[in-house]
Amino acid sequence: MEKIKMTTPLVEMDGDEMTRIIWKMVKEELLYPFVELKTEYYDLGLKHRDETDDQVTIDAAHANMKYGVSVKCATITPNAARLKEYDLKELYKSPNGTIRAILDGTVFREPILVKGINPVVSKWKKPITIARHAYGDVYKNTEMRVDGPGKAELVFTAEDGTVTRQTIFDFKGPGVVQGMHNLDSSIESFARSCFTYALSVKKDLWFATKDTISKIYDGEFKSIFERIYEEEFKASFEEAGITYFYTLIDDVVARLMKSEGGFVLALKNYDGDVQSDMLSSAFGSLAMMTSVLVSPHGYFEYEAAHGTVQRHYYKYLEGEVTSTNSVATIFAWTGALRKRGELDGNTELCEFADKLEQATIETIESGKMTGDLVLITELKNPKKLSTIEFILEIRKTLERIMSE
């Protein structure tokens with residue numbers, strides 16, 4: 001079988017731990033045999049980020065801007081334990097946060113549905129799409145430890161030298177303090193991306209913040225969404241027969257449990273991070289969710305929505321056989337390949353992406369799956385496969401589909 005050719009490279013961002021192992025398996029077994037893969041490679045593994053003082057993350061984001069499409073493996077955001085484990089120079093910020101800050105846009109995450117794996121929330125009949133703001137908040141924060149008594153202040157110095165200050169807290173002893181920011185321009189991009197996406201899939205759009213507590217910060221999100229909806233999208237929404245709905249974040253979580261799904265839920269950066277993990281787990285598994293950052297500037301970044309699967313990685317290092325779900329990683333590649341094909345007019349590449357997704361779903365629905373899915377499937381007598389066995393079964397299914 002002649003391999004499918006690519007005309008323009010993808011930006012490939014490698015990652016960490018077990019997902020890095022899976023990344024290599026997916027390329028070797030599911031991509032290289034079928035596609036003449038062209039990528040511009042960036043190693044975002046934590047060791048290499050440390051060696052480059054995290055410049056490689058910035059370079060990868062700018063490469064995404066150059067080529068338009070990237071695919072990213074899961075990466076470690078270091079904490080104090082990781083600082084010691086990897087002997088890092090510093091606690092680097094989230095690579096996802098760095099990339100998203102450069103690209104702007106919105107992250108859309110949606111569960112991958114397969115027969116035999118039903119949501120744990122019995123009311124859910126349709127997928128719920130999370131639209132996560134991709135800029136600012138805790139992912140671009142500034143923070144410090146306070147060692148003793150003193151006053152923490154929020155200070156803004158305008159270009160003309162005018163200084164505005166507010167007291168954050170009068171510390172009587174040790175503690176911590178944190179500052180966050182966001183931009184009207186980024187919030188506006190977020191709102192337009194969400195409204196445009198909801199119209200494209202003809203689904204209601206829900207949006208939630210905590211503006212009753214964070215009256216200025218979250219209030220800015222609420223007011224910008226309302227303004228853009230009224231001025232730019234209300235007529236189109238009414239014509240399409242869909243609605244825009246705002247509520248508080250705690251209220252939206254309660255409503256989620258009683259809904260049938262089938263809508264787009266727009267959330268701020270951290271809220272979207274937490275809720276997408278909850279939804280993906282409730283719909284089946286953390287490894288059963290697609291994730292794509294869509295920038296209003298025409299950039300697309302596809303990734304798995306889960307972490308690096310640290311526990312499985314340590315077992316792998318000790319020679320134990322793992323059963324790690326690779327579906328989200330596979331779908332990150334198929335999403336990127338399909339978008340690359342669409343932008344290049346490469347129908348063969350788009351069709352290959354469709355067939356690889358079909359092969360992945362058919363493999364699971366035939367009863368062959370990883371351990372996380374065996375625990376929750378309603379299929380009778382499912383077969384638990386190891387990490388590599390599952391990928392090889394997908395390859396067998398893909399080869400059959402490709403030959404038909």
Side-chain angles (χ1 to χ4, degrees), residues 1-6 10 22-23 25-37 69 71 108-119 125-127 129 200-201 261-262 280 283-292 300 302-306 323-370 372-374 376-380 382-404:
M1 185 183 297
E2 187 177 350
K3 290 186 180 182
I4 297 164
K5 293 179 171 57
M6 294 176 61
L10 288 172
I22 290 172
W23 194 260
M25 291 178 182
V26 169
K27 287 198 296 181
E28 290 179 348
E29 299 296 339
L30 301 179
L31 301 180
Y32 289 150
F34 308 97
V35 179
E36 285 188 3
L37 198 63
V69 184
V71 57
F108 293 93
R109 291 179 171 173
E110 185 172 303
I112 300 164
L113 304 185
V114 297
K115 294 175 184 176
I117 298 174
N118 297 322
K125 307 300 180 187
K126 305 170 186 176
T129 303
S200 71
V201 295
S280 61
F283 268 103
S285 168
L286 288 171
M288 298 291 288
M289 178 168 269
T290 63
S291 180
V292 55
F300 299 84
Y302 295 81
E303 62 178 336
H306 57 74
S323 182
T324 317
N325 193 327
S326 54
V327 173
T329 299
I330 293 169
F331 273 63
W333 274 103
T334 56
L337 290 170
R338 185 184 296 107
K339 179 55 65 176
R340 182 76 278 160
E342 289 173 1
L343 295 176
D344 292 350
N346 189 337
T347 305
E348 275 192 299
L349 195 59
C350 295
E351 290 176 349
F352 170 77
D354 293 341
K355 289 174 181 177
L356 179 49
E357 289 183 2
Q358 179 188 344
T360 303
I361 291 171
E362 282 190 17
T363 299
I364 297 171
E365 292 181 346
S366 73
K368 299 169 183 175
M369 60 191 74
T370 47
D372 60 324
L373 301 183
V374 168
I376 60 175
T377 185
E378 295 184 2
L379 296 175
K380 293 182 178 179
K383 184 177 181 181
K384 178 181 175 180
L385 302 176
S386 70
T387 307
I388 186 60
E389 286 173 342
F390 178 60
I391 291 172
L392 290 175
E393 283 295 334
I394 293 173
R395 177 170 175 172
K396 289 179 185 177
T397 309
L398 178 60
E399 287 172 341
R400 173 181 57 78
I401 293 171
M402 296 287 286
S403 65
E404 290 175 352

My understanding is that only residues two or more places apart in sequence, or in another chain, count here; which of them pass side-chain hydrogen bond (donor to acceptor under 3.5 Å, both in side chains) with T363?
T397
Do any N or O atoms from the side chain of T129 and from the backbone of E110 form a donor-acceptor pair under 3.5 angstrom?
no
Let me know which of Y302, Y32, W23 forms a ring-ring contact (aromatic ring centres under 6.0 Å, His included) with W333.
W23
Nearest-0.5 Å distance, CD1 of residue I388 to OG of residue S326:
8.5 Å
Given the rule in the side-chain contact (heavy atoms from CB on, under 4.5 Å) test, do R340 and N346 qualify, once you have shown the distances and angles that lead to the verdict?
CA-CA 8 Å; R340 182 76 278 160; N346 189 337; over 6 Å; no
What closest approach, in Å, do K115 and E365 show between heavy atoms, and which atom pair accounts for it?
N-OE2, 2.8 Å
What pair of heavy atoms forms the shortest contact from E389 to S386, and how long is it?
OE1-N, 2.9 Å
Under the side-chain contact (heavy atoms from CB on, under 4.5 Å) test, which residues partner L379, sequence neighbours left out?
M369, T377
All heavy atoms of E342 vs all of C350, minimum pair found to be N-SG, 3.4 Å
Residue set satisfying ring-ring contact (aromatic ring centres under 6.0 Å, His included) with F283, at least two apart, ordered chain then number -> W124
Residues T329, H306; criterion side-chain contact (heavy atoms from CB on, under 4.5 Å); working and verdict:
CA-CA 9 Å; T329 299; H306 57 74; 4.2 Å; yes
Once rounded to the nearest 0.5 Å, what's the spacing between atom CD of E362 and atom CG of L398?
10.0 Å
Who pairs with S366 by side-chain hydrogen bond (donor to acceptor under 3.5 Å, both in side chains), at least two apart in sequence or on another chain?
none
Kindly indicate, with the supporting measurements, whether the criterion side-chain contact (heavy atoms from CB on, under 4.5 Å) is fulfilled by Q358 and I361.
CA-CA 5 Å; Q358 179 188 344; I361 291 171; over 6 Å; no
Can you tell me if T370 uses its side chain to pair, donor with acceptor, with the backbone of S323 under 3.5 Å?
no
In short, L349 meets M6 closest at the heavy-atom pair CD2-CG, 4.0 Å
How far apart are the closest heavy atoms of A336 and V71, and which atoms are they?
CB-CB, 3.8 Å
Check the surroundings of atom NZ in K27: do more than 12 heavy atoms from other residues, nucleotides or ligands lie under 6.0 Å from it?
yes
Show the numbers, then the answer: is there a side-chain contact (heavy atoms from CB on, under 4.5 Å) between E404 and R400?
CA-CA 6 Å; E404 290 175 352; R400 173 181 57 78; 2.9 Å; yes
Can you tell me how far apart CZ (R395) and CG (L356) are? Round to the nearest 0.5 Å.
12.0 Å
Option passing side chain to side chain contact (heavy atoms under 4.5 Å, CB included) with L337 (candidates L37, I4, V69)
L37
Ring pair (Phe, Tyr, Trp, His ring centres under 6.0 Å) partners of residues 335-368, not counting sequence neighbours, each pair once
F34-F352
With the threshold set at 4.0 Å, does a side-chain nitrogen-carboxylate oxygen contact exist between K383 and E393?
no
Contacts of I376 meeting side-chain contact (heavy atoms from CB on, under 4.5 Å) (sequence neighbours excluded), chain-then-number -> I117, L373
E348/K3 ion pair, N-O < 4.0 Å
no
For I364 and V114 the tightest heavy-atom approach is CG2-CG2, 4.0 Å
